[in-house]
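Single-structure report; data block below.
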Amino acid sequence: MTHVVTEACIRCKYTDCVAVCPVECFHEGPDFLVIDPEVCIDCGVCIPECPVEAIVEEKDLAPAQAEYLPLNARLAAEWPLILQSQDPLPDADDWADKHNKRALLSETLPTLVGVSR
Ligand code: F3S
């Protein structure tokens with residue numbers, strides 16, 4: 001079992017989840033974070049920290065969000081670790097209550113994403 005970052009995170013990336021994670025399981029893309037299922041210890045402390053309720057336990061994944069389980073696993077292997085919280089994306093609040101954001105998720109890492117700031 002693992003925890004899973006779902007669609008609500010896209011274009012928000014508040015990163016409050018990273019600040020409380022006791023292990024190094026979050027990986028950062030341009031506009032989304034993912035959890036490495038091989039590292040997550042299922043503690044659940046990240047769930048209440050996310051302002052947009054993007055993180056769920058694997059067993060609580062809605063059918064419409066099922067693809068985020070393999071997506072987290074795949075992108076965690078490609079994206080760099082993020083070890084500290086940081087400012088959210090500049091227009092995060094504008095995207096916080098938007099739905100159907102899946103097509104907006106960028107998997108391509110621009111230069112310097114994931115580098116310590
Ligand atoms: Fe994303 Fe929520 Fe973390 S918006 S970066 S899952 S705090």
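Start at 1 and go down the list; that is how both ligands and their atoms are numbered. In what follows, every heavy atom counts, from backbone to side chain, and hydrogens, waters and symmetry copies are set aside.
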Task: Atom pair CD/CG of Glu28 and Asp31 - distance to nearest 0.5 Å - done: 10.0 Å
Task: Pairs flagged by side-chain hydrogen bond (donor to acceptor under 3.5 Å, both in side chains) wherever residues 34-62 is involved - sequence neighbours left out - done: His3-Asp42
Task: Under-2.8 Å protein N/O/S neighbours of atom 3 (Fe) of ligand 1, ordered by chain then residue number - done: Cys17 SG
- [ ] Under the side-chain contact (heavy atoms from CB on, under 4.5 Å) rule, collect the residues that match up with Arg102, sequence neighbours excluded.
- [x] Glu7, Glu67, Tyr68, Leu71, Leu105, Glu107
Open item on the list: Tell me every residue that passes side-chain hydrogen bond (donor to acceptor under 3.5 Å, both in side chains) with Asp91, counting only those two or more places apart in sequence or in another chain.
Closed with: Trp95
- [ ] Find all atoms of ligand 1 within a distance of less than 4.0 Å from any non-hydrogen atom belonging to Val52, and give their numbers and elements.
- [x] 4 (S)
Task: Candidates Leu33, Val52, Leu89 - the one meeting side chain to side chain contact (heavy atoms under 4.5 Å, CB included) with Tyr14 - done: Val52
Task: Reported CD1-to-OG distance for the pair Ile10 and Ser106, which is rounded to 0.5 angstrom - done: 10.5 Å
